[in-house]
Amino acid sequence: MSETVNTFEAQQQGRPTGPLVHGYEVIIGFETHAQLSTNSKIFSRASTAFGAEPNTQACAVDLALPGTLPVMNKGAVERAIQFGLAIGAHIAPRSIFARKNYFYPDLPKGYQISQFEIPVVQGGAVEFFLGDEKKAVRLVRAHLEEDAGKSLHEDFIGQSGIDLNRAGTPLLEIVTEPDMRSSAEAVAYAKELHKIVTWIGICDGNMQEGSFRCDANVSVRKPGQPLGTRREIKNLNSFKFMQQAIDYEVRWQIEQIEDGHEIQQATVLFNPDTGETRAMRTKEDAADYRYFPDPDLPPLCISDQWVQEVRAQMAELPRNMATRFQSGYGLSEYDATQLTQSLALATYFEAAAKASGQAKLASNWITGELARRLNGQDLGIEQSPVSAQTLGQLVTRIADSTISNSAAKQVFDALWEGNTDVDAIIASKGLKQMNDTGALEAIVQQVIDKNEKNVAEFKAGNDKALNALVGQIMKASQGKANPQQVNELLRKKLA
Ligand code: ADP
Ligand code: MG
């Protein structure tokens, strides 16, 4: 175990909790915008579908034209409640919508409806493994808000346009404490959060389309010093860029400090082509936004009963499922966590475990050989050419000693190529393990008779000589003997 202590304690004590970079401690906090998977907008009936002709899906309410009134979308609130329950947060019985005022071309109404002082989801934590180390990143809050439109820059004609289709799309903004201590930890957090929102089905998680956008707040400090000034890297929409951007930003900040400059609070953009971050604007403070409660929207009231109803409809959560895999199937915490990386993977595992009655062995094959093959071809478990039932069959044949582990690999190859009948493959390739002791004994005796030298050496106390005999027997049986059994038989006969 590395010398990691509880983050809060560590902040009090000024001890570093993560790897130092050139003597500096890296501090990261995340703000993530998860687009909620409702069919209509957060305060109107306009469609949220992606990819429509520009400006065909923004209605008068989304633009706050005079005389319109926003009406809260119940489905968006339910998704916020689901998220709160999934991460063990407090669901506020009463939360408030506020106007965040700013000017930008993609926000013609001049304000964004968001939540400020009292958000709907408060506290909670996201837990995950970084390597084999367990981490927990505390959440400050998750609040409901509407998205703005989009500026489209048509470089080839030197013009920009505004597409307001996205205006009013429901977002859940999820804000962490500055608990992360490395780019690797930040990516692991983001992946876990992505897993949670897609698992409970509140967000489609499509990063290219902008359904899951992460802003990384990054600062550095010498261990024991107060928090440094942060810069916020906007709109990281791939896990790969996320790590690159943070690493670049950390190096840049350390260089600045080492050169005697002070870090200015700023919002920066990552350019994947150059691998650099660049300041976009100096950062506004909350006071600049002139937040005030939106007079058009009443407080959002959520009764205990509503929370219970939402809870009752939710599928089993990854965390609970991982615990159940440990107690019910005897898996390690690590394996249980691996297998609950997605609902699809967990479902696959349970089906294979049921089909074979061999959960541990099924788990080993799924996290081992199958995962390796899928990764190699960049496939998800949903696209696995080997079904859970078929893998279960394979595992059954290993468990009942029909085939050895190495023969099982050959069977798996055939399954991967599209064959589906495990027993037929075993038969056609002649992979059946020799379980007939009579036949095996005959081979063992033959080999003993033909190898007097090895036998004499073994009897004289050279244990290695036995391996030579085992090898010969395996060869004579065309790999179908069970090595364990061969070993036992030999020792018995030569005793
Ligand atoms: P804003 O909404 O204006 O960006 P917040 O104070 O809500 O500001 O902080 C946003 C994010 O920045 C949070 O995730 C928080 O954990 C993180 N953060 C705050 N201070 C620091 C810091 N010194 N270094 C790194 N991250 C920080
Ligand atoms: Mg921010």
Side-chain angles (χ1 to χ4, degrees), residues 7-8 10-12 14 16-18 20-21 24-34 87 89 98-102 104 111-126 135-145 147-148 171-183 185-190 192-193 212-236 242 245-254 256-257 262-269 277 279-291:
T7 304
F8 180 71
Q11 275 168 356
Q12 303 303 302
T17 53
L20 295 184
V21 181
Y24 287 83
E25 186 183 12
V26 176
I27 311 281
I28 305 165
F30 260 57
E31 291 162 281
T32 302
H33 290 91
I87 54 140
R99 289 189 184 177
K100 180 179 183 178
N101 301 282
Y102 64 93
Y104 209 69
Y111 62 89
Q112 176 193 26
I113 304 177
S114 181
Q115 295 192 306
F116 183 54
E117 276 168 67
I118 311 180
V120 58
V121 173
Q122 304 172 3
V126 171
K135 298 276 185 187
V137 168
R138 294 166 300 160
L139 296 190
V140 180
R141 60 193 277 155
H143 64 252
L144 285 163
E145 64 181 27
D147 209 343
L171 300 177
L172 191 65
E173 178 173 340
I174 303 158
V175 184
T176 77
E177 296 283 358
D179 278 354
M180 288 157 275
R181 292 294 176 271
S182 66
S183 60
E185 185 178 356
V187 172
Y189 160 79
E192 183 65 23
L193 184 66
F212 186 86
R213 317 193 285 268
C214 291
D215 304 344
N217 290 269
V218 179
S219 68
V220 299
R221 67 170 172 192
K222 281 273 163 69
Q225 293 297 304
L227 288 180
T229 304
R230 71 190 150 110
R231 302 212 311 165
E232 179 176 4
I233 315 170
K234 274 279 178 206
N235 284 347
L236 293 168
M242 201 175 281
I246 295 170
D247 286 340
Y248 177 87
E249 179 63 25
V250 166
R251 280 199 305 273
W252 185 88
Q253 289 189 16
I254 292 173
Q256 291 293 306
I257 296 170
E262 265 184 27
I263 303 294
Q264 301 293 323
Q265 188 165 318
T267 301
V268 307
L269 278 182
T277 51
M280 182 166 89
R281 51 181 145 95
T282 54
K283 168 92 192 159
E284 300 84 354
D285 281 323
D288 299 328
Y289 291 120
R290 300 290 190 273
Y291 280 101

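As the structure lists them, so they are numbered: ligands from 1, and atoms in each ligand from 1. If you're wondering where the values come from, they're calculated on a predicted model, not measured in any experiment.
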Notebook entry, point to check: Hey, does L227 come in under 3.5 Å of ligand 1, counting only N/O atoms on both sides?
Noted result: no

Check: Where on E177 is there a heavy atom closer than 4.0 Å to ligand 1, on the side chain, on the backbone, on both, or on neither?
Finding: backbone

Check: What pairs with N235 under side chain to side chain contact (heavy atoms under 4.5 Å, CB included), at least two apart in sequence or on another chain?
Finding: R213, D215

Item checked: side chain to side chain contact (heavy atoms under 4.5 Å, CB included) partners for F116, two or more places apart -> A98, A286, Y291

Checklist line | Sub-4.0 Å atoms of ligand 1 with respect to non-hydrogen atoms of P178 | finding: 16 (O), 26 (N), 27 (C)

Checklist line | Any donor-acceptor N/O pair, E249 side chain to A216 backbone, under 3.5 Å | finding: no

Notebook entry, point to check: For ligand 1, which atoms, with element, lie under 4.0 Å from some heavy atom of F30?
Noted result: 14 (O)

Check: Which atoms from ligand 1 have a heavy atom of T176 less than 4.0 Å away?
Finding: 13 (C), 14 (O), 15 (C), 16 (O)

Checklist line | Check: R290/N101 side-chain N/O donor and acceptor closer than 3.5 Å | finding: no

Checklist line | Rounded distance [0.5 Å steps], CZ in R141 versus CD in Q122 | finding: 8.5 Å

Notebook entry, point to check: Less than 3.5 Å between some nitrogen or oxygen of I28 and one of ligand 1, yes or no?
Noted result: no

Note to self: As an exercise, state the distance from OG1 of T32 to CG of L193, rounded to the nearest 0.5 Å.
What the structure shows: 5.0 Å

Margin query: I'd like to check which ligand 1 atoms, numbered from 1 as shown, lie under 4.0 Å from a non-hydrogen atom of E232.
Written below: 4 (O)

Checklist line | Options T229, V175, I27, ranked by nearest heavy atom to atom 25 (C) of ligand 1, top entry | finding: I27

